[in-house]
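As structure tokens, the structure follows; a few thoughts come after it.
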Amino acid sequence: MNKLTNDQIRQNVRGRYQKIAVKKVEAASSCCAPADSCCDSPADFDAISAKLGYSSEDLAAAPEGANLGLGCGNPQAIAELQDGEHVLDLGSGGGFDCFLASRQVGDQGHVIGVDMTPEMISRARDNAIKGKFKNTEFRLGEIEHLPLADNSVNVIISNCVINLSPDKQQVFREAYRVLQPGGRLAISDIVTTAELPPEIKNDLDELYSGCISGASSIVEVELMLRESGFTEISIEPKDESRSFLKDWVPGANVDQYIVSAVIKARK
């Protein structure tokens with residue numbers, strides 16, 4: 001196969017999540033969730049998110065249409081958000097995690113979601129209006145080139161998004177840049193636990209935008225974080241995640257090669 005450029009990979013990912021945003025994803029495709037979930041009902045999305053660690057209170061708190069059944073964990077459970085903090089969500093989608101963070105940081109806090117898909121930004125902004133969220137905003141941009149000032153946020157969260165970037169080192173550099181000194185990174189993401197087979201690793205279209213073939217190993221993620229300047233790095237694989245990962249590409253046994261991990265670090 002011909003090697004895709006970084007921009008072509010981004011365009012593939014953007015196209016996939018554009019379809020998800022407007023609910024026109026083919027049932028056979030993967031999208032950082034079970035293969036058929038992107039076309040399911042809100043109740044199905046809630047069931048998927050419950051498996052990822054979201055509580056019934058979380059699911060009830062966000063506006064209808066914010067939870068798209070995506071992700072591989074619950075960054076809210078690890079971020080330890082405090083009242084008044086400024087939070088950035090990398091790859092904010094329909095705004096689900098931003099709205100949950102909004103509740104935790106309160107009126108004196110602020111939450112910014114960044115997504116590279118215009119349709120997702122529009123959806124999230126509409127959801128913010130529906131839910132009357134006053135301390136939440138959504139900005140169009142790539143996570144490799146964040147539309148934020150230096151030292152401007154206390155916490156960065158993300159849910160199964162950084163693996164989608166073809167330049168993860170640049171993502172971590174940008175995360176470090178926009179965090180205030182002492183700020184922290186708290187993300188859920190996919191990491192590899194074994195060498196991906198060629199048929200998975202070389203699929204830079206369906207399986208890359210499905211959060212599989214673009215995943216890095218734990219050692220690689222730790223190295224990228226250190227090279228970006230982060231300290232207090234912790235990467236904790238969640239073996240129980242294999243129970244839902246195996247459904248992402250039925251029959252491909254991807255759970256033998258990838259796992260969801262809790263990734264923390266500090267500036």
Evaluation steps, side-chain contact (heavy atoms from CB on, under 4.5 Å), between E195 and K201: CA-CA 9 Å; E195 183 71 22; K201 188 173 185 178; 3.1 Å; yes

Donor-acceptor contact below 3.5 Å, side chain K267 vs main chain L179: yes

S217 and E220 side chains, donor-acceptor separation under 3.5 Å: yes

Ion pair R103/D58, N-O distance below 4.0 Å: yes

pair L88-V178: side-chain heavy atoms closer than 4.5 Å: yes

H145 side chain reached by Q170 side chain, heavy atoms, under 4.5 Å: yes

Euclidean distance, N74 CG relative to N159 CG, rounded to 0.5 Å: 7.5 Å

NZ/NE/NH1/NH2 to OD/OE distance under 4.0 Å, R10 and E144: yes

Derivation and outcome, side-chain hydrogen bond (donor to acceptor under 3.5 Å, both in side chains), residues S92 and D115: CA-CA 6 Å; S92 48; D115 202 284; 4.5 Å; no

Donor-acceptor pair, side chain of S122 and main chain of P118, under 3.5 angstrom: yes

Close side-chain approach of I112 and R139, heavy atoms under 4.5 Å: yes

Name of the residue among I258, N163, I218 meeting side-chain contact (heavy atoms from CB on, under 4.5 Å) with V191: I218

N/O donor-acceptor pair under 3.5 Å between S260 side chain and C72 backbone: yes

From CE (M120) to CG (L140), nearest 0.5 Å: 12.5 Å

CA sep, side-chain torsions, deciding dist, call: V171, M224, side-chain contact (heavy atoms from CB on, under 4.5 Å): CA-CA 10 Å; V171 174; M224 286 187 283; over 6 Å; no

ILVMFWY cluster, L196 and L245 together (side-chain gap under 4.5 Å): yes

Electrostatic pair K238:E236 at N-O distance under 4.0 angstrom: yes

Under-4.0 Å salt bridge between R14 and E119: no

T231 vs L225, side-chain contact (heavy atoms from CB on, under 4.5 Å): CA-CA, chis, key distance, verdict: CA-CA 8 Å; T231 61; L225 287 167; over 6 Å; no

CG-CD1 distance between L185 and I233, expressed to the nearest 0.5 angstrom: 9.5 Å

Min side-chain heavy-atom separation I162-L90 under 4.5 Å: yes

Side-chain donor or acceptor of N127 paired with backbone N/O of G94 under 3.5 Å: yes

E199 atom CD: more than 12 heavy-atom contacts under 6.0 Å: yes

Main-chain N/O of E232 paired with R266 side-chain donor or acceptor, under 3.5 Å: no

Sub-4.5 Å side-chain heavy-atom contact between V219 and E222: no

Flag side-chain contact, heavy atom, 4.5 Å: V114 against D89: no

Spacing of CD1 belonging to I143 relative to CG belonging to L164, to within rounding of 0.5 Å: 7.5 Å

Salt-bridge criterion met for E80 and R184 (N-O under 4.0 Å): no

D107, CG atom: more than 12 neighbouring heavy atoms under 6.0 Å: no

Aromatic ring pairing H86/H110, orientation class (parallel under 30°, perpendicular over 60°, tilted between): tilted

V105 and Q82, any side-chain heavy atoms less than 4.5 Å apart: no

Aromatic ring proximity F96/F138, centre distance under 6.0 Å: no

side-chain hydrogen bond (donor to acceptor under 3.5 Å, both in side chains) between D97 and Y54, worked out: CA-CA 10 Å; D97 284 318; Y54 291 95; 2.6 Å; yes

Minimum side-chain heavy-atom gap S165-F172 below 4.5 Å: no

Any side-chain donor near an acceptor of the partner, Q180 and N154, under 3.5 Å: yes

C98 vs F133, side-chain contact (heavy atoms from CB on, under 4.5 Å): CA-CA, chis, key distance, verdict: CA-CA 10 Å; C98 288; F133 287 88; over 6 Å; no

